[in-house]
Structures are given as structure tokens and as C-alpha cells.
Amino acid sequence: MATLRCPYCNSEQVVFTEQQTNNFQYFERIIDTFSPLSFASLGFKLAKAAAIPPYIGGLIGVLVGGTLILVSQHYFYRYYRGAQHYRCLHCQCDFAVAN
């Protein structure tokens, strides 16, 4: 049987952790990363630099940010939620292995 290795440091010192039922931190990270507001400001700046009306860039940014949040939530529920979660004792990183 193959041993499980940490994807971050390649150590074999990994332990199985209990599945967490509180997914609030995951969704908080998604919203921070793919925030429609941050994509709107990026679209605003890019549209302004490209001589396109800034409100169009902002609208496109909101749509892209919202779409990324929906897609990432879908994949979370489909794959990550049922995965086995592990913690590396060497680098203290958490990771999951999908079935």
C-alpha cells in the first residue's frame, strides 16, 4: 500500500483529522479572494486604462467575481466536502484527498 505524503513538504508524517462541519472559514476565504467588489475595482481600472467606459469594466468585474464564487462553492460541495482531511506533522499544513 502506498503511503500518503504531504503535498507541501513531501513528508510522510501525516495524520487523519476529523471532518470539520463548520465551513464558514472556507467561504470567508472565497469571498475575500474572489470578491465581486475587488473584481469590480479591477475591471474599473482596466477599462479606464483601455479607454472603455469604467462602469462597463466594473459591471464585468462584478459578474466575473460572482461567477467565481458560485463555481468555487459548487466544486467545494461536490468534491472537497466528502474528502478525507489530513494534517502534516512536519510543516503543520492541512490538506484533503478526494475520493
Side-chain angles (χ1 to χ4, degrees):
M1 185 172 144
T3 58
L4 185 65
R5 292 182 174 269
C6 173
Y8 301 105
C9 70
N10 208 25
S11 171
E12 291 182 358
Q13 299 176 343
V14 294
V15 293
F16 180 75
T17 58
E18 294 296 321
Q19 183 128 0
Q20 299 173 352
T21 57
N22 183 7
N23 299 322
F24 179 73
Q25 291 177 345
Y26 173 77
F27 291 118
E28 192 175 77
R29 270 195 234 154
I30 288 175
I31 291 173
D32 287 344
T33 306
F34 300 127
S35 167
L37 181 60
S38 63
F39 274 91
S41 65
L42 177 66
F44 182 83
K45 290 176 185 176
L46 291 175
K48 200 172 181 182
I52 299 172
Y55 69 90
I56 292 176
L59 181 62
I60 291 172
V62 167
L63 291 174
V64 169
T67 302
L68 286 175
I69 286 176
L70 291 175
V71 168
S72 62
Q73 286 177 350
H74 167 74
Y75 279 101
F76 172 78
Y77 280 120
R78 188 167 184 187
Y79 299 109
Y80 188 76
R81 186 178 56 165
Q84 295 176 342
H85 297 264
Y86 295 91
R87 181 168 188 83
C88 178
L89 299 175
H90 184 258
C91 67
Q92 301 299 316
C93 292
D94 295 317
F95 62 95
V97 177
N99 297 334

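As the structure is a computational prediction, the values presented were derived from the model and not from experiment. Note that the numbering runs from 1 along the sequence shown for the chain.
Of all the heavy atoms in V14 and C88, the pair that sits closest is CG1-CA, 4.1 Å. Taking every heavy atom of both residues into account, F16 and Q84 meet most closely at CE1-CB, 3.9 Å. When all heavy atoms of P54 and A47 are compared, the pair lying nearest together is CA-CB, 4.1 Å. When all heavy atoms are compared, the tightest approach of Y8 to C91 is CB-SG, 4.2 Å.
No donor-acceptor pair under 3.5 Å is formed between the side chain of S11 and the backbone N or O of C6.
Hydrophobic clustering, with ILVMFWY side chains joined whenever heavy atoms are under 4.5 angstrom apart, keeps L59 apart from F44. L42 and V71 fall into different hydrophobic clusters, defined by Ile, Leu, Val, Met, Phe, Trp and Tyr side-chain heavy atoms under 4.5 Å apart, directly or through other members. In this structure, I56 is a member of the same hydrophobic cluster as V64, with clusters built from ILVMFWY side-chain heavy atoms closer than 4.5 Å.
Of the inter-residue distances, the one linking Y55 atom OH with I60 atom CD1 reads 10.5 Å to the nearest 0.5 angstrom. Expressed to the nearest 0.5 Å, how far CD of Q13 lies from CZ of R87 amounts to 13.0 Å.
Contact check for L4 versus F95: side-chain heavy atoms found under the 4.5 Å cut-off.
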